[in-house]
Amino acid sequence: MEYIFIRDIAKYEDQEICLKGWVRNTRHSGKLVFIIVRDGSGEIQAVAFQPDLGEQMFEMAKSLSLESSVIIKGKPKKHPKKENVYELSVTSIEPIQIAQDYPISKKEHGPDFLLANRHLWLRSPKQWAIMKIRHTIYHAISEYLNQNNFYRFDSPILTPNACEGTTTLFEVPYFDEGTAYLSQSGQLYLETGIMSLGRVYDFGPVFRAEKSKTRKHLTEFWMMDAEAAFVEHDENLQIQEELIRYIIKTVLERNHDDLVILERDIEKLRKADAPFKKMTHREAVEFLRSKGSEIDYESDLGAQDEVMLTENSDVPVFVEKWPQGIKAFYMKRDPENENYVLGADLIAPEGYGEIIGGSQREDDYELLKSRMEQDKMDLQEYQWYLDLRKYGSVPHSGFGIGLERMISWVTGIKHIRETIPFPRMLYRIYP
């Protein structure tokens, strides 16, 4: 008899089937044992009745411990009280391995204990739901880009130089070539791809050696960077908004039950699928100062500023046209005011902060070269990047979206450490 996945159980009502999975919970009452079994695709209550199983198998069913692995045969039947829910009427149970003293119980555990046991914590219902939503968001991002003329273009993880300064780089000895670095972003390499493919994106791990302990920071995380030829600032924002709204729609469609497990306010997600707000950096500062913030007109937004900016907004807010002094050398200046750049950060509502950073890129060779000289960058190391402005340069734009920050917002999870299978933080590299 072939085994089936629990998610397909409705197709086999009253037919003899076989499940393979793990015991999440048990309880027994008289001649009945109720076993919650999960297999990765879902979970189901298996009902073992002593007269059907015989005394020996029934006693074994009663003794099953948490996280024991089992093979269970039986017939799916509609739950007597719950609509669209099935139970399994058990005809036989075969243990594969009996788990001994599973360390994560129903009682409250502290974050250090759970992180030290992350390899086991991932089995719990909420972590399972987060990982399923992570899977959906990853594929939704790729689906949207693939449907809108972007090509996957993988940038290197080992790089000879920095994308955004050297202070937060992890150094790696690289044979006789000296020091290499773990990538902070694939952006500069992606810009080479647009001259070949027009629109490109990469999606993979990036690294920041930032000594930060906030709930929004990881040292290793996943980033999707995209670049597009012949796309200017306003169209760049349009693409970003369409992408985020596509992600929201997709999660609502595919992961409703997972959002329920996480106790996520689904109505707030639905409301976020509406036209985004937009304000300039100067307008944002004026608003924040009116609310009591001490931010000045040449400063980046702090975490509390991001919260204040969106506290009465159902949708994300674009903050655009930033002071050029606090943004990267490659951002194009605003033709209406050279003191600002055509860049934007997208701030998520509900206090989740920045989820996208992007800009139109400088496409003029001399202007880009002069800025790199001002920043005392080694032009020889970046000559390949400058070459892009010498041979067929065009207006182009790009952006990056942090996968884990997006997951945090969509799931309603407050700490980013739960959005990645094995978080790497300032004081955490085990397991």
Side-chain angles (χ1 to χ4, degrees), residues 137-156 159 163-164 183-204 206 222-250 275-276 278 316 318-322 324 327-335 340-347 354-365 367-368 371 382 384-403 405-406:
I137 293 176
Y138 174 89
H139 283 283
I141 292 171
S142 300
E143 286 167 13
Y144 172 84
L145 295 169
N146 294 344
Q147 291 164 15
N148 285 274
N149 301 307
F150 285 83
Y151 291 91
R152 176 72 178 252
F153 184 87
D154 296 321
S155 56
T159 68
C163 175
E164 297 177 1
S183 177
Q184 300 168 312
S185 165
Q187 181 210 314
L188 303 189
Y189 290 98
L190 280 174
E191 288 186 57
T192 70
I194 66 172
M195 308 302 182
S196 171
L197 297 165
R199 294 184 175 193
V200 295
Y201 71 99
D202 69 2
F203 210 155
V206 292
W222 279 61
M223 177 78 77
M224 188 289 297
D225 282 300
E227 296 289 324
F230 307 107
V231 168
E232 300 191 45
H233 177 63
D234 288 337
E235 186 180 0
N236 192 27
L237 301 192
Q238 179 186 337
I239 291 169
Q240 293 172 45
E241 178 173 335
E242 288 177 359
L243 170 60
I244 297 302
R245 293 179 67 180
Y246 182 85
I247 293 169
I248 294 169
K249 288 187 183 81
T250 305
F276 293 177
K278 186 165 63 175
F318 280 114
V319 179
E320 62 170 349
K321 299 190 176 181
W322 289 66
Q324 56 86 15
K327 287 297 183 181
F329 71 95
Y330 49 73
M331 294 190 180
K332 191 171 184 66
R333 302 289 168 87
D334 182 359
Y340 296 92
V341 295
L342 295 176
D345 288 353
L346 184 62
I347 314 299
E354 180 190 342
I355 51 174
I356 293 183
S359 74
Q360 187 168 341
R361 315 310 193 189
E362 181 53 71
D363 53 274
D364 183 279
Y365 176 84
L367 284 175
L368 184 62
R371 285 186 207 138
Y382 288 92
W384 64 271
Y385 185 66
L386 281 167
D387 280 352
L388 305 179
R389 276 71 177 172
K390 290 171 65 177
Y391 306 111
S393 186
V394 298
H396 63 285
S397 301
F399 62 93
I401 176 170
L403 177 61
R405 288 198 178 187
M406 186 69 198

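Everything numeric in this text was worked out from a predicted model, so none of it was measured. Below, all heavy atoms of this structure are taken into account, side chains as well, without hydrogens, waters or symmetry copies.
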Test of understanding: with salt bridge (charged side-chain N to carboxylate O under 4.0 Å, His left out), list the residues that count as partners of [X], not counting sequence neighbours.
| X | answer |
| --- | --- |
| E143 | R254 |
| R199 | E235 |
| R371 | E362 |
| D225 | none |

Sequence neighbours left out, what passes side chain to side chain contact (heavy atoms under 4.5 Å, CB included) with [X]? Give chain and number order.
| X | answer |
| --- | --- |
| D234 | K278 |
| P335 | L342 |
| M224 | I141, L145, Y201, F203, A226, L243, F399, I401 |
| L386 | Y365, L368, K369, M372, L379, Q383 |

- prompt: Which residues satisfy the side chain to side chain donor-acceptor pair (under 3.5 Å) test with D363, sequence neighbours excluded?
  reply: K332
- line: Residues passing the side chain to side chain donor-acceptor pair (under 3.5 Å) test with S155, sequence neighbours excluded, are D202
Taking [X] for the side chain and [Y] for the main chain, is one N or O donor matched with an acceptor at less than 3.5 Å?
| X | Y | value |
| --- | --- | --- |
| S142 | Y138 | yes |
| T159 | S183 | no |
| Q360 | G343 | no |

Check [X] against [Y] and note the closest heavy-atom contact, atom names and distance.
| X | Y | answer |
| --- | --- | --- |
| A229 | V394 | CB-CG2, 4.0 Å |
| L190 | F153 | CD2-O, 3.5 Å |
| M195 | L388 | CE-O, 3.7 Å |
| M331 | G358 | CE-O, 4.4 Å |

- request: Just grab all the salt bridge (charged side-chain N to carboxylate O under 4.0 Å, His left out) pairs involving residues 185-198, residues at least two apart or on different chains.
  value: E191-R389
field: Partners passing ring-ring contact (aromatic ring centres under 6.0 Å, His included) against F318 (at least two apart in sequence or in another chain)
entry: none
message: Is there a side-chain contact (heavy atoms from CB on, under 4.5 Å) between F276 and I244? Walk through the geometry before answering.
response: CA-CA 10 Å; F276 293 177; I244 297 302; 3.8 Å; yes
message: Using side-chain contact (heavy atoms from CB on, under 4.5 Å), reason through K327 and D345 one step at a time and then give a plain yes or no.
response: CA-CA 11 Å; K327 287 297 183 181; D345 288 353; 3.3 Å; yes
- prompt: Between atom OG of S359 and atom CH2 of W322, what is the distance when rounded to the nearest 0.5 Å?
  reply: 12.5 Å
message: Taking side chain to side chain contact (heavy atoms under 4.5 Å, CB included) as the criterion, tell me which of I239, T250, I247 meets it with Y144.
response: I239
message: side-chain contact (heavy atoms from CB on, under 4.5 Å), that's the test. Do R361 and E227 meet it? Break it down for me.
response: CA-CA 9 Å; R361 315 310 193 189; E227 296 289 324; 2.6 Å; yes
message: Looking only at the side chains, is there a donor atom on one of E320 and H233 sitting less than 3.5 Å from an acceptor on the other?
response: yes
